[in-house]
S.K.: 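Attaching a single structure in structure tokens format; questions to follow.
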Amino acid sequence: MKLNQAQNQAVTFISGPCLVLAGAGSGKTRVITNKIAYLVRDCDVPARYILAVTFTNKAAREMKERVALTLGKQESRGLKISTFHTLGLNIIKSEVKEIGLKPGFSLFDDKDSMALLKDLTMEKLDGDKEQLFLLQNCISSWKNDLIMPEQLQKKALSAGELEFAQFYLRYQQNLRAYNALDFDDLIMLPTLLLRHKEHVRLKWQKRIRYMLVDEYQDTNTSQYELVRLLVGERARFTVVGDDDQSIYSWRGAKPQNLVLLQKDFPALRVVKLEQNYRSSGRILHCANILIQNNPHVFDKKLYSELGYGEPLKILLAKNEDHEAERVVAELMAHKFMNNTQYKDYAVLYRGNHQSRLFEKVMMSNRIPYKINGGMSFFARAEVKDIMAYLRLLVNQDDDNALLRIINTPTRGIGRATLEKLGNFANELHVSLFEAACHPQLGSVISGKGLTAIENFNRWIVGLADNVMRGDTQAGIREMIKSMQYEEWLYATSTSPKAAEMGMSNISTLFGWITNMLEGDELEPPMTLPEVVNRLILRDMMERGEDKEDTDQVQLMTLHASKGLEFPYVFMVGMEEGLLPHQSSIDEDNIEEERRLAYVGVTRAQRELFFTLTRERRQYGELLNPEPSRFLYELPQDDLVWEDKKPKVSAEQRQQKGQTGIANLRNLLNK
DNA sequence: TCCCTATACATTTTT
DNA sequence: TGTATAGGGA
């Protein structure tokens, strides 16, 4: 595995701050893994002093695997590779006292935090969804900018902002009372801690002699500050990024951090990786021309030494059903002619809702496919229930968890009883569980409700004791059994099949938990509180047999495709209003949409297809979308716009399309 | 407590 | 247009 000159430069420069501008497909993962190996092997930096940070758990896992391949077990021992959020969680865990949290704190996900906000603002906002959404966003941005509620009070704010600042303060106070943190706290708290406490900062700086950051263009202000504090004066670090692939600014990412880096570290060495190893010359040329329509701070021009390749095809469809049929027909014909596999193809779209029709047509043509994204595993009711139980076992003050499951399965603790309990807890300023255990509870709740609550308390305390002390896995199994969850699921589900699905989801979850408790070559064993928090961060180590060897067409959003590559790519819905999306047109944010298109184009290795429709139904309304402006920005010499087909009636076309597909299927299946 | 109907909502969503 | 959810009525 030889490195090219630029890659080699990026790997071997270790004496100071280094920015690697890594164009799409230029081998940045290779640079990062090689650099880690270089540090350990050639520069005698023990692996435990190296920290590499990514954004997704998937990326972290992949990096771990690739480093393990080059370095081996011995040399990579103690190497720290994690996501920003897991890093933050680990810092908080070892500095609980400094931060003022009790051990065993809970993590609130977006839904939990929304539930809390809704509760806090009931009187003033009355559950106004739009306002709540705005508020949640506001708080998140404040946290990303490292602004504490107290600081906001001093600023001159409008009346509306002042009210939001008040909510922010109450929200933080409540989180603390529940001994809980939200996702943004995982970055903000360690950053503020390191900023203000020198001895803690020095301790962590000592532990990190070299730091690497992947997808640097996606960092927000607090994440960048965390990096700065960790690398300190010595500034021994490498960040890898590509401003043209910044597609998460709507989530607080600040691609300007690339420019800031040059200001904050004048000694910064900038290395550009411009040779692309992924795509045909033509695809790359198109990508370059497209992205040239955006302003740039760093100029960069990708080139490829692979062949020039086939022209990009643009398929016109009458409507969205037709679009899906055309893609499937084209895909099957292409597969037949080129003797390829299903997994060589990807269908990329702007919004998740677009997947439905493709799913439908693929299913009816028995094409194996895999949808990435959409309804998450953790959004399933049963999974949320079990997670809530586990959270409660770990932290009894977690009110959201308690509220979710105190009457699931039914225990005769109804709305009225809960309301009384809630009021009681409010008066005492304690969590619901603490209120439920209070000796004076009998003065506000009586009879059946009281007995039910007392039984529940005893049950939870006993379980928590068992699980935290003894055999955790057996304890969890016992819990699910003793509350008769399975029976309840079968009794309440719409069909036995749905209940079966539910139980199988629970086994999947249980399998992950078992894996994490036991650990493996890449991960040390964890305790239950650790497992619960990592699961909320969606950080489960799915590993083992059924990896990527299944032969399925990949369906995903353009966002989800970042970092992946496919021989043949279909970018569908290339229409004004979809890509660029209408709301981005309205907000005059075309540049990010163009980057999104750029990400899509650069996923393709050999061939690229675009599709668009004449008519599209949206919310029951019939639209006649214009072709996406991005199609016109591409070099027209490299495109083949499909001519309009001779006129055929809808029924005829339907039949034709169907029989065409059926014939192909026969050919493929024989 | 459960079931059905009316109603709201429909970009992207690494953690 | 299609789906998730909340709340009313039995």
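First the proteins, then the strands, lettered A, B, ... as listed; each starts at 1.
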S.K.: Taking CG from D184(A) and P from dT14(B), how many angstroms apart are they, rounded to a whole number?
M.R.: 14 Å
S.K.: Provide, to the nearest angstrom, the distance between the CD1 atom belonging to I139(A) and the C1' atom belonging to dT15(B).
M.R.: 17 Å
S.K.: Considering residues at least two apart in sequence or located in another chain, which fulfil the side-chain contact (heavy atoms from CB on, under 4.5 Å) criterion with P103(A)?
M.R.: none
S.K.: What is the distance, rounded to the nearest whole Å, between atom CD of Q136(A) and atom P of dT13(B)?
M.R.: 16 Å
S.K.: According to salt bridge (Lys or Arg N to Asp or Glu O under 4.0 Å), who are the partners of D182(A), at least two apart in sequence or on a separate chain?
M.R.: K143(A)
S.K.: Over all strands shown, is N589(A) touching base, sugar-phosphate only, or nothing at heavy-atom distances under 4.0 angstrom?
M.R.: nothing
S.K.: Does dT11(B) count as syn, meaning its glycosidic angle lies within 90° of 0, or as anti?
M.R.: syn
S.K.: Can you tell me, in whole Å, how much space there is between the P of dG2(C) and that of dT13(B)?
M.R.: 23 Å
S.K.: Record whether the side chain of R251(A) comes under 3.5 Å of the base of dT14(B) through a donor-acceptor pair of N or O atoms.
M.R.: no
S.K.: Across nucleotides 6-12 of chain B, 5' to 3', mark each nucleotide with B, S or - according to how protein heavy atoms within less than 4.0 Å reach it.
M.R.: ----BBB
S.K.: Tell me every residue that passes salt bridge (Lys or Arg N to Asp or Glu O under 4.0 Å) with R228(A), counting only those two or more places apart in sequence or in another chain.
M.R.: E225(A), D264(A)
S.K.: In chain order, what residues pass the salt bridge (Lys or Arg N to Asp or Glu O under 4.0 Å) check against R176(A), with sequence neighbours excluded?
M.R.: D185(A)
S.K.: What is the ring orientation for F570(A) with F609(A), classed by angle as parallel under 30°, tilted 30 to 60°, or perpendicular over 60°?
M.R.: parallel
S.K.: E575(A): which residues meet the salt bridge (Lys or Arg N to Asp or Glu O under 4.0 Å) condition with it, sequence neighbours left out?
M.R.: R616(A)
S.K.: Would you tell me whether Y369(A) and E359(A) have side-chain atoms, one donor and one acceptor, within less than 3.5 Å of each other?
M.R.: yes
S.K.: Could you tell me whether D218(A) contacts a base, only the sugar-phosphate backbone, or nothing, with contacts defined as non-hydrogen atoms closer than 4.0 Å?
M.R.: base
S.K.: Could you report the tightest heavy-atom contact between I585(A) and E576(A), atom names first, then the distance?
M.R.: CD1-OE1, 3.8 Å
S.K.: Classify the angle between the aromatic ring planes of F358(A) and Y349(A) as parallel (below 30°), tilted (30 to 60°) or perpendicular (above 60°).
M.R.: parallel
S.K.: CG of L535(A) versus C1' of dT15(B): gap in Å, rounded?
M.R.: 13 Å
S.K.: How close or far is atom C1' of dT14(B) from atom CG of L558(A), stated in whole angstroms?
M.R.: 15 Å
S.K.: Tell me the interatomic distance from D109(A), atom CG, to dT13(B), atom P, rounded to whole angstroms.
M.R.: 16 Å
S.K.: Using a 4.0 Å cut-off to any heavy atom of chain A, which nucleotides of DNA chain C are the first and last in contact, reading 5' to 3'?
M.R.: dT1(C) to dG2(C)
S.K.: side-chain contact (heavy atoms from CB on, under 4.5 Å) with Q484(A): which residues, sequence neighbours excluded?
M.R.: E487(A)
S.K.: On DNA chain B, nearest-nucleotide positions of R411(A) versus F183(A): which is more 5'?
M.R.: R411(A)
S.K.: Would you call R595(A) and N294(A) a side-chain contact if the rule is heavy atoms closer than 4.5 Å?
M.R.: yes
S.K.: The criterion is side-chain hydrogen bond (donor to acceptor under 3.5 Å, both in side chains); which residues satisfy it with T557(A), sequence neighbours excluded?
M.R.: none
S.K.: Give me the ring orientation class for Y224(A) and Y216(A): parallel if the planes are under 30° apart, tilted from 30 to 60°, perpendicular past 60°.
M.R.: perpendicular
S.K.: Please list, chain by chain and in numerical order, all residues satisfying side-chain contact (heavy atoms from CB on, under 4.5 Å) with K80(A), sequence neighbours excluded.
M.R.: L51(A)
S.K.: Report, one pair per line, the protein and nucleotides 3-5 of chain B atoms (nitrogen or oxygen only) whose separation is under 3.5 Å.
M.R.:
none

S.K.: In dot-bracket form, 5' to 3', how is DNA chain C paired? Count Watson-Crick and G-U wobble pairs only if both distances fall under 3.5 Å, and write | where the partner sits on another strand.
M.R.: ||||||||||
